Amino acid sequence: VAEPGSSYRVVLLGASGVGKTAFASIFAGAADSMDSDDCELCGDEMCEKMIEVDGEAATLTLLDTWDAETDSEWAQECYMQTGDAYLLLYSITDRASFLRASELRITLRRFRPAQHTPIILVGNKCDLVRRREVSVSEGRACAVVFDCKFIETSAAMQHNVWEAFHGIVRQLRLRRDSR
Ligand code: GDP
């Protein structure tokens, strides 16, 4: 049975420059949060806060990852093992970041073989329509192959960012309730 305020660790993954920091700041600065306090454990790369999704509280600890290009394999593996759920970001204006998301998904599968680990593939920067390099249908098709959900967002416009966090909580609850 649902215990209110279940606590989950959500990891932001993705190439450098796709908008992970922008996502983390929206999360940290949330007007959406249940208490009006700003994030308590808000360091550079970790933030814990309680949000309400479908009338039920959830505590999310958001981990913003290393610069995936430059950091050690070891650090990367640590992150791969630490999350209850993952937001896998790419930028719709950067095809290389889309390919990077595929690589990260494959690495993640090695560390998280359970098909129940919630992952959402996030195509960010959808406000930059004229610089688009990855179509919506490519993103969606990729998510089907990866067996995960898909959403396009704009951190700059604060569009769909909370929907992504809420989507992760809903998937975590589905998994919890099906145990
Ligand atoms: P990170 O390296 O993944 O943490 O990426 P950042 O969050 O630092 O974002 C990289 C750059 O992209 C910054 O200049 C952001 O302002 C910009 N950016 C992030 N998200 C968006 C978005 O949705 N739309 C636009 N136009 N720019 C964005």
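In each ligand, atom 1 is the first atom listed, and ligand 1 is the first ligand listed. Computed from a predicted model, the values in this text were never measured in an experiment.
Closest to atom 24 (N) of ligand 1 among all protein heavy atoms lies Asp127 OD1, 2.7 Å. The protein heavy atom nearest to atom 23 (O) of ligand 1 is Ala155 N, 2.8 Å. Distance from atom 5 (O) of ligand 1 to its nearest protein heavy atom, with residue and atom name: Gly19 N, 3.0 Å. Nearest to atom 18 (N) of ligand 1 among the protein's heavy atoms is Lys125 CE, 3.7 Å. Among all protein heavy atoms, the one lying closest to atom 2 (O) of ligand 1 is Gly17 N, 2.7 Å. Counting only heavy atoms of the protein, atom 7 (O) of ligand 1 lies nearest to Ala22 N, 2.8 Å. Scanning the protein heavy atoms around atom 4 (O) of ligand 1, the nearest turns out to be Thr21 OG1, 2.5 Å.
Heavy-atom minimum distance, Ser6 versus Tyr8: CB-OH, 3.4 Å. The nearest pair of heavy atoms linking Ala15 to Arg100 is CB-CG, 3.7 Å.
There is no protein heavy atom less than 4.0 angstrom from atom 13 (C) of ligand 1.
Linking ILVMFWY side-chain heavy atoms closer than 4.5 Å, directly or via other members, places Leu12 and Phe146 in two distinct hydrophobic clusters. In the hydrophobic clustering of this structure, Leu128 does not group with Phe98; members are Ile, Leu, Val, Met, Phe, Trp, Tyr whose side-chain heavy atoms approach within less than 4.5 Å, directly or through other members.
Taking every non-hydrogen atom of Ser16 and a distance limit under 4.0 Å, the qualifying atoms of ligand 1 come out as 2 (O). Residue-ligand proximity, Leu128 to ligand 1, at heavy-atom distances under 4.0 Å covers atoms 26 (N).
Aromatic ring orientation, Phe150 versus Tyr90: parallel (interplanar angle below 30°, classes split at 30° and 60°).
Put simply, no part of Gly14 is less than 4.0 Å from ligand 1, judged by heavy atoms. Residue-ligand proximity: Ala15 is placed with a non-hydrogen atom under 4.0 Å from ligand 1.
Exactly one residue among Asp127, Asn160, Asn124 makes a side chain to side chain donor-acceptor pair (under 3.5 Å) with Ser154. That residue is Asp127.
Thr82 and Arg9 are linked by a side-chain donor-acceptor pair at a separation below 3.5 angstrom, with hydrogens and angles left out of the test.
At least one N/O-N/O distance between Lys20 and ligand 1 falls below 3.5 Å.
The pair Glu56-Arg176 meets the salt-bridge criterion, with a side-chain N (NZ, NE, NH1 or NH2) lying under 4.0 Å from an Asp/Glu carboxylate O.
The CD atom of Glu163 lies 13.5 Å from the CD atom of Glu152; values are rounded to the nearest 0.5 Å.
Of all the heavy atoms of Asn124, the ones lying under 4.0 Å from any atom of ligand 1 belong exclusively to the side chain.
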